[in-house]
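Below: the structure, in structure tokens.
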Amino acid sequence: MPFFRHKFHSKPYQLITLLFFMGCKVDFKITGESRGLFYEETNRCLIFLNQHETIEDLYKTITHEVLHYCIEESGVQLDELNEESLIFNMQWANENII
């Protein structure tokens, strides 16, 4: 079992933990105007808890913001619209295949 695996065995949780070791930091705030933000300058994801209704919704936002980090680290140059479209399609790929 990898050292970053925790007893919850939830894939989004493992993703956050793994990427934290790679240099991405995920912070949570109680209130905010948006669901989440990624800051390229500091490789920091900021998640606002008051904008989420379920834990699954929270996991989706965390994954979305961490994917911004992954794209940034890959060195691929995308404009904001293409990056958002790519992340949206990646997150909904399982549902679209069926």
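One hydrophobic cluster holds both I55 and I62 under the rule that ILVMFWY side chains link at heavy-atom gaps under 4.5 Å. F48 and F28 end up in different hydrophobic clusters when Ile, Leu, Val, Met, Phe, Trp and Tyr side chains are linked at under 4.5 Å.
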| query | Can you list the steps and then say if L49 with K29 is a side-chain contact (heavy atoms from CB on, under 4.5 Å)? | reply | CA-CA 6 Å; L49 299 176; K29 298 286 182 188; over 6 Å; no

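In this structure a side-chain-to-backbone donor-acceptor pair under 3.5 Å is missing from E72 to N43. In this structure, the side chain of S85 does not engage the main chain of L81 through any donor-acceptor pair within 3.5 Å. Of the possible donor and acceptor atoms, one in the side chain of K60 sits under 3.5 Å from a partner among the backbone N and O of Q91. In terms of modelled atom types and a separation under 3.5 Å, the side chain of N50 and the main chain of G32 share a donor-acceptor contact. R35 places a side-chain N or O within donor-acceptor distance of the main-chain N or O of Q51, the cut-off being under 3.5 Å. Side-chain atoms of E83 do not come within 3.5 Å of backbone N or O of I71 as any donor-acceptor pair. Judged by distance alone, the side chain of E65 and the main-chain N or O of F38 form a donor-acceptor pair under 3.5 Å. Remark: side-chain polar atoms of N82 are not paired, donor with acceptor, to backbone N or O of L78 under 3.5 angstrom.
Of all the heavy atoms in C45 and V66, the pair that sits closest is SG-N, 3.9 Å. Contact between D27 and K25 at its shortest, heavy atoms only, is OD1-CE, 3.3 Å. Between L37 and Y39 the shortest heavy-atom distance is CD1-OH, 3.3 Å.
Between the side chains of E73 and H68, not a single donor N or O lies within less than 3.5 Å of an accepting N or O.
A distance of 15.0 Å separates OH of Y69 from CZ of R44, quoted to the nearest 0.5 Å.
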